[in-house]
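Order of the sequence lines sets the chain letters (A, B, ...), proteins ahead of strands, with each chain counted from 1. On a predicted model such as this, the values are computed, not experimentally measured, just so you know.
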Amino acid sequence: MRNQEVARIFSEIADMLAIQGQDQRRVLAYERAADSIGQLERDVVDMTHEGKLTQIPGIGVTLATKIEELLTTGKLSLHERLKAEIPPGVVEMLQVPDVGPRTAARMWKELGVTSVDELEKAAQSGRIQELSRMGARKEARILEGIQILRRRSGRTPLGIAWYQAYDMLEVLRRVPGVRQAAPAGSLRRMRDTVGDLDLLVAAEEAEPVMACFHQLPQVAEVVQSGPTKTTIRTRQGLQVDLRVMEVGRWGTALQYLTGSQAHNVHLRGLAKDCGYSLSEYALKREDGTEILCPEEADVYRHLGMVWVPPELREDRGEIEAALRGELPRLVERADLKGDLQSHTTWSDGNQSVGEMAEAARSRGLCYILITDHSYGMGIAGGLREADLAGQRAEIAAANARYHDLAVLAGIEVEIRADGTLDFPDSVLASLDLVVASLHTGLRTGRERTTQRILAAIRNPHVDVIAHPTGRLIGQREGADLDMEAILQAAAQEGTAIEINAYPDRLDLPDVYVRRAVELGVKLAINSDAHDVRDLDHLFFGVATARRGWATPEHVVNTWDLERMLSWARSRGN
DNA sequence: GCCGTTTTCGGCCCGACTGTTTTCAGTCG
């Protein structure tokens, strides 16, 4: 059973307990456990065998026992019992915006509604507004919520949400009186997908900002609107929250709005221990006097710690590390000296070797590895052995043109079904670096897929394993892999694991980056550019690395050319 | 439900907006 499955069951239990009106704390405990397991960098199965479940934040003895039951029997008695008591459609109703556990329970108990479809019928027939403390408006909201739910297409990839947020912020920044404007929420934490956009503006007056926000061309509908907070839905169906704050409260507001929820809860608990109450407005002493925090760092400083980079704010140990003053110096885009995966017209890229080289140079890189596909990737027009000489000539020509950029000869070689590679070792040895990946047979089972990758990791000519899980965000789950075995092997062999910066991939996913960093695995942040513009995606790859606590030292393409090549040569090239 | 050099019991973050209400519950983040 995979972590996501355990997380889903716990989350369902939380929903069902909430519908039953049970203690909110108990509900929260299950929600927290679900979150924690969903973000776990280790296999929960392995953790169980090692007897380390209670080391997972939010997992105590009771929940650890439940996880064991789930993994041994494939079922959880509490879950089964709740499922027998509450119709599944009632739990589904929680997906409807503005329907929470109380409303769902009342619909079920008082109207006999047991599905979203029945809820819609009840609303259309006016039965909901007849209930006490319900009204026509609430009923209309529920109907609207059902429509939104049916249109909703899930979470938005970071690479798309990022540009949408910046387009809106660009306009808001020009409103007179605006001092600062920034993204917050999961977007600022650079999660691989975001559920909605959170924007924060500091301004002398809120009204003009809100007025401008309402009139943005992206707005399809204003969902709610108050003096300091407005929620809209864009034409693409993305929800955007805007909060406007006084200039002097920027620090607390940005901290609050960035989250994560778990990070904030922990931080506010800490504030309480220090005799403060922390909100988005200020740190408040017990006598009611406020300490304003114009900058985010002020908030952390008052609580006795250093500023925590947003990418780390998931309550995964960053607060403890910040209190000790031991946060890592995370890798930054400016640390990258090269890119180790790029495609050209020799396979499925849009530009020539020369054009890619120029684009890399103009983005401040000192080296770029040309990695066209090998022939096994037939759909991408992969290279045959005979093509390599011609490509090498182009690479040599590009090198002759620059004194400040090295164009390296590489390949993205296909890992075949049996774990062997498309090219013999003799060919691979002639290249500067070899990147290996699999594009087919991702669904052939955990054991087989893991073995294929392990074989490639152990090949001394292979320097980098590209997009290891093969996931395509929002389209395809990653392969079922024994990631722990893969990372252990990579650590032992010195093979680098790629963090593919393509916004659809961001693969290795952040939770495994964290584990890779713990194990001392070498990482490579690569654009996988098929077009010169794709080189800009490196930024998202860096963000993913940062979310996994990676420092420049972990990332081979922050190293200068000499050191990077000497590592590659030590691998057998 | 979890968690702890204040505690093994008694805490567990804080506020905006909405709707149906004359003071607050529900939802959301």
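One finds no salt bridge joining A/E144 and A/R141 here, because no Lys/Arg side-chain nitrogen approaches an Asp/Glu carboxylate oxygen to under 4.0 Å. Looking at A/K52 and A/E50, a side-chain N of the basic residue comes within less than 4.0 Å of a carboxylate O on the acidic one, giving a salt bridge.
Under 3.5 Å, the side chains of A/R155 and A/T193 contain a donor-acceptor pair of N or O atoms. Using a 3.5 Å distance cut-off with no hydrogens or angles, the side chains of A/Q255 and A/Y300 do pair a donor with an acceptor. Residues A/H554 and A/T551 have side chains that bring a donor and an acceptor to within less than 3.5 angstrom of each other.
In terms of phosphate contacts, A/S277 brings a side-chain nitrogen or oxygen within less than 4.0 Å of OP1 or OP2 of B/dC14. Considering only side-chain N and O atoms, A/T62 lies under 4.0 angstrom from the phosphate OP1 or OP2 of B/dC2. Dashed line: the shortest gap from a side-chain N or O of A/S279 to OP1 or OP2 of B/dA16 is not under 4.0 Å.
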Short heteroatom pairs, N/O only, protein and nucleotides 7-12 of chain B, under 3.5 Å:
from   : atom 1 : to     : atom 2 : distance (Å)
B/dC12 : OP1    : A/K272 : NZ     : 2.9

For a quick check, with a 4.0 angstrom heavy-atom cut-off, what is the B/S/- contact string for nucleotides 23-29 of chain B, read 5' to 3'?
-BSSSSB

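Within 6.0 Å of the CZ atom in A/R102, the count of heavy atoms belonging to other residues, nucleotides or ligands does not exceed 12. Applying the 6.0 Å contact sphere to CZ of A/R137 captures no more than 12 heavy atoms from other residues, nucleotides or ligands.
B/dC17 is paired with B/dG26 under the criterion used here, namely a Watson-Crick or G-U wobble arrangement in which both key atom distances are under 3.5 Å.
Applying the ring-ring contact (aromatic ring centres under 6.0 Å, His included) criterion to A/H467, with sequence neighbours excluded, gives A/H439.
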